[in-house]
Amino acid sequence: MIVNENPVAARPAPASNRGIWGWMRQKLFSSPANTVLTVVTGWLLYIGLTPVISWSFIEADWFGSDRSACDGGACWVFITARIEQFIYGFYPEDLRWRVDLVFLQTGLLLLWLMPQSMPGKKWGVIYALSIFPISSFFLLSGGLGLEMVDTHKWGGLMLTLVLALVGIVAALPFGVLLALGRRSEMPVIRFFCTTFIEVWRGVPLITVLFMASVMLPLFVPEEVVFDKLVRALIGIVMFQSAYMAEVVRGGLQAIPRGQYEAAAAMGLGYWKMMRLVILPQALKMVIPGIVNTFIALFKDTSLVLIIGLFDLLAIVQAGLADPKWLGFAIEGYVFAGFVFWFFCFSMSRYSQSLEKRLNTGHKA
Amino acid sequence: MMTSVNNAEMAGSDSAMIELRKLNKWYGDFHVLRDIDLTVRKGERIVICGPSGSGKSTMIRCINRLEEHQQGDIIINGREMTNDLKDIEQVRMEVGMVFQHFNLFPHLTVLENCTLAPIWVRKQPRKEAEAIAMQYLERVRIPDQADKYPGQLSGGQQQRVAIARSLCMNPQVMLFDEPTSALDPEMIKEVLDVMVELANEGMTMLCVTHEMGFAKTVADRVIFMDEGQIVEENEPESFFNNPQSERTKLFLSQILQH
Amino acid sequence: MQEKHTMPAPARHYFWNDPDKRALVFQIIVTVAILGLAFVVVENTLSNLEKRGITTGFDFLSQESGFGIIQSLVEYDETHSFGKTFIVGLLNTILVSVLGIILATVVGFLVGVGRLSNNWLVARVCGAYVEIFRNIPLLLQILFWYFAVLRTLPSPRQSLDLYDTFFLNIRGLYIPAPIFQEGAIWIGVALLLAIASVWVIKRWAEQRQLASGKTFPVFYTAAVIVIGLPLLAWFMTGQPVHWEVPALKGFNFRGGYAVIPELCALLIALTLYTASYIAENVRSGIEAVNKGQTEAAFALGLPKSRTMQLVIIPQAMRVIIPPLASQYMNLIKNSSLATAVGYPDLVAVFAGTTLNQTGQAVEIILITMSVYLLMSLLVSLLMNMFNKKMALAER
Ligand SMILES: Nc1ncnc2c1ncn2[C@@H]1O[C@H](COP(=O)(O)OP(=O)(O)OP(=O)(O)O)[C@@H](O)[C@H]1O
Ligand SMILES: [Mg+2]
């Protein structure tokens, strides 16, 4: 028999296992093969990144009015000199405050709706889905006493955001209806919805945009004229609602049968049951999925370049062809790429954190 | 009082199956195992218990190198555990392990689960490996499930397959890490029966469990661990009826309440 | 909580209150509405087309196209028909898709496994790769590679070269091409022979394992035979295949294969973009395999490589393959962005040039969409079959 009444005090780990050296030994040099891998990767990173950093920061030129301000390194002057155009497109300069107002509302709404605990989120959502779109519409296009601005003057980041936001907001209700239809017990409804969803998901967005830009005008009587932006939006919304439907369907499927049965047992009809019991739960569950489709849509908006709209990418691309600024393709694409990356990366981080929150919520 | 220590010394180190000497392990800065000394002789059956987080799993996982230790020695069947891959492979062939959550391979049938290691590690002909596997499946009383997939079995059946799978490698020692704690009460008995049988056949066993009935019937020694160290070690009779340390008493009173 | 359950008064049986009949009526209404809409659309389209003097029907497919295409896998020039144009575009789409799928799979698996490496630096670099490439629009990446990289390369005279066999310049990538002479057929025969013998050896090795338990290094033997036998045939028949290395003649390179820069840019961008998604699939597939599986395999004495081969990969593949298939489908659909840099894929030559020349938007876009739809259907069909086959048996 052994009795050990005196507890052994905890000792610090041996030095080789502790601190920065212990960490490096375990994570970088744990075996000869690992050491080789670390050294080779580090060396490649070094020879790859040093010229990039020196080009884009150290030797770069930032401000000026024309290309003479640049000597060696990246010429960010190309960006800074045109930044207004990249943001507002061809929107009249004296009216840009209207665009700023829309940006401001968007920013405030994000601050209101994104954090976990914010007061009055419900009102935020209501504002975002009613006043915000209406006020933005009039601010951007004019009317109600504001000077009209034709949509072909819209462009740059502003147009990108308009396409993405309208696309996602309009696709949501269609997506919900399509998802309900696909799960409906009525075979005809199920057939139409499934076909609609699968067709749009099966074809590339660019063919949808082609269709919207060349076929749509044929579908309607000659007198009806859509402007180019509206045609692109119709294409995007149809396409997007198919993807949205699949996301929502995922949420509907994840709701346990018991919920449906309980709601039915309470005597709720189909629409009441969906509206009061099923959809609130399902939609909450699929918020990360919705954010992910939004990211995809945000990237996809760049395709409107091909049908001749001037979103951020297209306007940068057009700037590259300016005879006064030839030869700054890398700077242009890096800038546009960074803007897109910044939006998409932050949104994907947000969706990941939401997913984590939801997951732990389930376990608790 | 000194019997068990004396026995170990008298038996000499050649009959020691497992020897842990001043074993220390850290997770980062957390000192999980502190100066563990333990000798397990051939054919000995040892039950390890202790509160959650006391390092029981960590200790037995060090024995077959699922965890790496930082200080002290582990000697299995006369072979010291080092970083040498050959040693580790050899030790793992001699030491079988059964996990709390069975860890059967879900993409293989029960029979394939049992023959995988004999074929690829022991290089047995498939026919022979299958014949041996069937013998062990019969011993754990589920030969009729051989062609099913693990997902089609109950928890108790799965754990018995896991035991058979380990036995197919013909190990010298079996380690059990809470083999019954993920099972429903009615399945616990069928697994314990198999383990008792195994113990009676003279298998060297190291078993982390809180099944006190099992400890009383088969264990040669019961080890109580707390805060990464062995606090008390005794024959089951005296361990349960006459615990010495305050911490042991507290622990026993807690589990007996249930 | 107390609730009073008051029974509702038995409702009178209105026709409208019978759910079955209600559903029937609703479905009829929806069908009629959709058919009506379709009718109006067709009516409008026909009258619009007539007013613009655009013919309808598929006769244009046999008309002479009148334009050339910079890359064609089959014989084609401006005298061929629009139907042939369609074939050329389709083949070009298939070419870039197949190459892209192969490359993206290789890169994606490497990066995905790299993200799980226990080497911190490698894991981080792979993670950065994924986060960078999947968060930038593919179109931007295509334009970048084409306009910012490949279009700024030097002229053929100042080509970048690798060992004087591979050349890269503004006109594209030039790589050596094999020239087959008489007797080269034997190399093919040798290859077939090698494959057949590998099959036999595999069978034999299995038999031997069954009987004696001895394993045989099938993989290495197979590698030696498949490479060695054709090589032997090549020497024995007097080296009937040699490589034609591209060489500068005048202003451009002659000989070898020329890969046009449009294809290069598209391929690089598609590969890097899709690989970042595949890497994520691979990572989550491997992570989805419970850690206990590795531990159980280790505890049984299986070495690391065998654990990977026999336990981890078979389980991870079930998780990886379905999203992998949809990534392949995305790559095929995304290859249609070719039109932005002028790579002559199906959308560029058919829904682009052909549409502009004939004006028959409806037919052309419907044909184009159907092609992609068919490919999607095919992929999901294969996927369903795979899922059925691989579904784990559960209680
Ligand atoms: N991989 C790890 N990294 C860091 N800490 C760990 C790790 N594994 C275990 N620990 C910690 O080590 C301690 C001992 O863990 P161990 O699993 O050995 O306890 P145990 O006695 O088996 O408990 P239980 O009865 O709950 O299984 C615990 O405090 C645990 O939190
Ligand atoms: Mg444990």
Side-chain angles (χ1 to χ4, degrees), chain B residues 60-61 63-67 85-86 88-109 112-130 147-155 157-158 162 165-166 168-169 171 174-175 177, chain C residues 118-120 202-220 285-322 386-395:
Chain B
I60 69 166
R61 287 157 59 87
I63 293 174
N64 67 352
R65 233 331 143 93
L66 290 179
E67 300 285 352
L85 284 176
K86 276 273 157 290
I88 296 176
E89 251 170 61
Q90 193 59 41
V91 163
R92 284 177 178 166
M93 279 163 72
E94 286 170 11
V95 179
M97 181 156 182
V98 174
F99 300 85
Q100 180 176 4
H101 295 288
F102 333 135
N103 295 352
L104 292 177
F105 306 130
H107 61 300
L108 302 178
T109 62
E112 287 166 340
N113 262 280
C114 293
T115 55
L116 185 78
I119 289 177
W120 292 96
V121 182
R122 287 236 188 261
K123 313 273 187 224
Q124 281 173 7
R126 167 165 284 133
K127 287 254 166 59
E128 200 181 309
E130 282 175 354
D147 291 325
K148 288 199 179 160
Y149 284 89
Q152 297 169 303
L153 304 185
S154 76
Q157 290 172 323
Q158 289 193 44
R165 177 175 74 174
S166 286
C168 283
M169 283 298 281
M174 286 287 287
L175 309 175
D177 189 359
Chain C
N118 51 12
N119 184 312
W120 181 85
K202 193 161 170 270
R203 289 295 297 269
W204 168 79
E206 275 165 15
Q207 291 298 323
R208 190 169 88 137
Q209 209 290 325
L210 270 177
S212 72
K214 293 205 188 83
T215 47
F216 185 78
V218 175
F219 180 78
Y220 295 103
I286 296 178
E287 278 181 342
V289 180
N290 198 319
K291 212 167 140 258
Q293 295 289 310
T294 321
E295 292 183 346
F298 282 178
L300 285 168
L302 286 164
K304 215 170 174 176
S305 55
R306 288 268 180 246
T307 303
M308 260 292 171
Q309 176 203 341
L310 300 169
V311 177
I312 310 297
I313 291 178
Q315 292 185 54
M317 281 323 259
R318 287 162 206 260
V319 185
I320 294 173
I321 286 181
F386 171 84
N387 280 340
K388 280 231 177 73
K389 193 161 161 264
M390 296 300 264
L392 284 181
E394 298 277 355
R395 248 150 88 85

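Chain naming here is simple, since letters A, B, ... match the order of the sequence lines and numbering starts at 1 in each.
- In this structure, chain C has a heavy atom under 4.5 Å from the side chain of B:F99, while its backbone stays farther away.
- Between the B:T109 side chain and the B:Y149 main chain, no donor and acceptor come within less than 3.5 Å of each other.
- If you measure heavy-atom distances from B:L175 to chain C, you find no contacts under 4.5 Å at all.
- Heavy atoms of other residues, nucleotides or ligands lying less than 6.0 angstrom from NZ of B:K123 number more than 12.
- A donor atom on one side chain and an acceptor atom on the other are found under 3.5 Å apart for B:R165 and B:N113.
- The candidate from B:V95, B:L116, B:N64 with the greatest count of non-hydrogen atom pairs under 4.5 Å with chain C is B:L116.
- No donor-acceptor pair under 3.5 Å is formed between the side chain of B:Q124 and the backbone N or O of B:A117.
- Heavy atoms of B:R122 lying under 4.5 Å from chain C are absent altogether.
- Residue B:L66 touches chain C through its side chain alone, counting heavy-atom pairs closer than 4.5 Å.
- The nearest pair of heavy atoms linking B:F102 to B:Q158 is CD1-OE1, 3.3 Å.
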